[in-house]
Q: 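Before we start, here is the structure in question, set down as C-alpha cells.
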2 protein chains.
Amino acid sequence: MTSTGFTSHQAAAITGASLRQLSYWRKTGLVVPSSQTKGGHARYNFTDLIALKAVRQLIVSGASLQRIRQNISSLLRFLPTLKQPLSEMSLVATGDLVLVFHQGSAFEALTGQQWIFEVAQLEREAAKIIDKNPEPYQEVLNFDDEAGSSSNGLAQVGGWH
Amino acid sequence: MTSTGFTSHQAAAITGASLRQLSYWRKTGLVVPSSQTKGGHARYNFTDLIALKAVRQLIVSGASLQRIRQNISSLLRFLPTLKQPLSEMSLVATGDLVLVFHQGSAFEALTGQQWIFEVAQLEREAAKIIDKNPEPYQEVLNFDDEAGSSSNGLAQVGGWH
DNA sequence: ATCTGACAAGAATGCCAACTTTTGTCATTT
DNA sequence: AAATGACAAAAGTTGGCATTCTTGTCAGAT
C-alpha cells in the first residue's frame with residue numbers, strides 16, 4: 001500500500017495556509033487529512049486540498065474559524081456525493097459561507113440549499129404584473145430605458161430559500 | 001413626457017417587498033425610484049426592481065437592512081456601467097452581500113472586486129508543487145482517488161482578494 | 001390610489017468586560 | 001521531516017443593557 005497524498009508542507013504551499021494552521025485544524029477536526037502514514041504523518045488528498053483552500057479563502061475574506069467550521073465539514077461531506085465531474089465546479093468563499101457553483105446553479109455548502117436565481121424570472125414577473133394591471137402610463141413594458149437595460153432581458157434575482 | 005415605470009404596488013408585487021418597506025427604503029435612501037410623477041408618486045424602473053429584489057432576497061437570506069445598505073446603492077451605481085447585456089447576469093444575494101455573476105466571473109457588488117476562482121488553478125498549483133518537490137510516495141499526481149475526483153480536473157478555490 | 005405621520009412591537013447594533021479560540025514561535029520528540 | 005507541547009499575543013465570542021433601526025397598522029392628506 002503506497003501512501004499517496006500531499007504532505008503538510010505541500011498542502012501548506014498549495015493552499016496558502018501555514019503549517020501551524022494545518023496542525024491546529026487537524027487537531028480541532030476542521031480539516032482532517034483523509035489518510036496518514038504508518039508513522040502518523042498527514043497525507044491530504046485533493047478533496048482535502050479543496051477544503052483547505054476554501055478555509056484559507058474564507059479567512060482571507062474576513063470570516064472567523066468558528067463561522068467557517070459550520071461550512072467546511074458539510075462541504076467535505078457534500079463533495080463526494082456530487083455525480084457531476086468536479087471540474088465544472090467553482091467555489092466562492094465569501095464573507096462567511098461557501099457557495100458551490102455547479103452546472104449553472106449554486107448551492108450553499110452548509111445546507112445544500114439551492115441558491116441560484118433564474119435570469120428570466122424577474123422580467124417574467126414584471127410582465128405578468130403588467131398584464132394584470134394595465135397602467136395609465138403605457139411604456140412600462142419598454143425595458144430599454146436609460147438605465148442600460150438592453151432589449152434581450154435583464155438580470156434577475158430570485159430563488160427559494 | 002409620459003411617466004413610465006412601475007408603481008409602488010407593482011414593484012411590491014413583483015419583488016415581494018411590502019409597501020411599507022418600499023416607503024421606508026425610499027425615505028431612508030436605500031432604494032429610491034429613479035423617477036416620480038408630478039404628484040410625487042414613485043415610478044420604479046427595471047434597474048430599481050433589480051435592486052429591490054436584491055434587497056428583498058438579502059432579507060429573506062437573513063441579512064439586516066443595515067448590512068444591506070452597504071451593498072445596494074453601489075449595486076445600483078454598478079449596473080448601468082456594465083457594458084455586457086444584463087441578460088447574462090445573475091445576482092446571488094447571500095448572507096450579507098450581493099455577488100454579481102456575469103460572463104463566467106463573479107464580482108462583489110460593493111467593491112466590484114473579482115471573486116471567481118478559476119477551475120484549473122488549484123490543480124495547477126498542486127502539479128507545480130509536486131514537480132518541485134518530488135516525493136518518495138509516487139502516486140501523488142493521481143487525482144482519481146476515492147474522493148470522487150474524476151480525471152478531468154477538480155474543483156478549485158482561489159482568486160485574489 | 002398613493003403618500004405621510006404617528007404609535008408601538010420586535011429586531012439589530014454598540015459597548016464593555018470576561019472568557020475562549022487561534023496563531024506564531026521555539027524547544028523537544030519521533 | 002514532521003508532529004507535539006508550552007507560552008504568549010492577537011483575535012473572536014458571549015452576555016447584558018441602552019440605543020437605534022425596521023416594519024406593521026391605522027388615520028389623515030393630496
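The structure displayed is predicted, hence computed values, not measured ones. Just so it is clear: chains get the letters A, B, ... in the order the sequence lines come, proteins before strands, and each one is counted from 1.
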Q: What residues in residues 24-31 of chain A put a non-hydrogen atom under 4.0 Å from any atom of DNA chain C?
A: A:Tyr24, A:Trp25
Q: Taking atom OG1 of B:Thr7 and atom NE2 of B:His41, what is their separation to the nearest 0.5 Å?
A: 10.5 Å
Q: Please give, in whole Å, the distance from D:dA1 C1' to A:Leu19 CG?
A: 11 Å
Q: So, OP1 or OP2 of C:dA1: does either fall under 4.0 Å of a side-chain N or O from B:Ser8?
A: no
Q: Return the set of residues passing side chain to side chain donor-acceptor pair (under 3.5 Å) with A:Ser74 (not counting sequence neighbours), or none when no residue passes.
A: none
Q: Can you tell me the distance, in whole Å, between the CD1 atom of A:Ile72 and the C1' atom of C:dT22?
A: 16 Å
Q: Rounded off to whole Å, could you give me the CD1-to-P distance for the B:Ile68 and D:dC21 pair?
A: 16 Å
Q: Where do N or O atoms of nucleotides 25-30 of chain C meet protein N or O atoms at under 3.5 Å, pair by pair?
A:
residue, atom, partner, partner atom, Å
C:dT25, O4, A:Arg20, NE, 3.4

Q: Counting only side-chain nitrogens and oxygens, does A:Ser23 get under 4.0 Å of the OP1 or OP2 atom of D:dA2?
A: no
Q: Can you find a side chain N or O atom of A:Thr7 that sits less than 4.0 Å from OP1 or OP2 on D:dA2?
A: yes
Q: State, to 0.1 Å, how close A:Tyr44 and A:Arg26 come at their nearest heavy-atom pair, and which atoms those are.
A: OH-NE, 3.2 Å
Q: My understanding is that only residues two or more places apart in sequence, or in another chain, count here; which of them pass side chain to side chain donor-acceptor pair (under 3.5 Å) with A:Asp48?
A: A:Ser34
Q: CD of B:Gln21 versus C1' of D:dC21: gap in Å, rounded?
A: 13 Å
Q: CG of B:Leu22 versus P of C:dC3: gap in Å, rounded?
A: 8 Å
Q: Between B:His9 and C:dA1, does any side-chain N or O lie under 4.0 Å from OP1 or OP2?
A: no
Q: Which heavy atom of B:Leu49 sits nearest to which heavy atom of B:Thr15, and what is that distance?
A: O-CG2, 3.9 Å
Q: Describe the nucleic acid contact of A:Gly40 in one word from base, sugar-phosphate, nothing, applying a heavy-atom distance below 4.0 Å.
A: sugar-phosphate
Q: Verify the contact: side-chain N or O of A:Arg69 to OP1 or OP2 of C:dT22, cut-off strictly under 4.0 Å; return yes or no.
A: yes
Q: Minimum heavy-atom separation for A:Glu108 and A:Leu97, please, with both atom names.
A: CG-CD1, 4.3 Å
Q: Produce the list of close N/O pairs, under 3.5 Å, pairing protein atoms with atoms of nucleotides 9-12 of chain D; give distances to one decimal.
A:
residue, atom, partner, partner atom, Å
D:dG12, O3', A:Ser64, OG, 3.4

Q: Grab the CZ-C1' distance between A:Arg67 and C:dT22 for me, whole Å please.
A: 15 Å
Q: Kindly give the heavy-atom pair with the smallest separation between B:Ala11 and B:Phe6, and that separation in Å.
A: N-CB, 4.4 Å
Q: Where the side chain of B:Ser8 meets the backbone of B:Leu19, is there a donor-acceptor pair that is under 3.5 Å apart?
A: no
Q: For a 4.5 angstrom cut-off between non-hydrogen side-chain atoms, does B:Val100 reach B:Leu75?
A: yes
Q: Scan B:Ile59, B:Val60, B:Leu52 and name whichever one has a side-chain contact (heavy atoms from CB on, under 4.5 Å) with B:Arg56.
A: B:Val60
Q: Run the side-chain donor-acceptor check on residues 62-69 of chain A: report pairs under 3.5 Å with partners two or more places apart or on a different chain.
A:
residue, atom, partner, partner atom, Å
A:Ser64, OG, A:Arg67, N, 3.4
A:Arg69, NH1, A:Thr28, OG1, 3.4
A:Arg69, NH2, A:Thr28, OG1, 3.2

Q: Locate the shortest heavy-atom distance separating B:Ser61 from B:Ala93; write the atom from each residue and the value.
A: OG-O, 3.2 Å
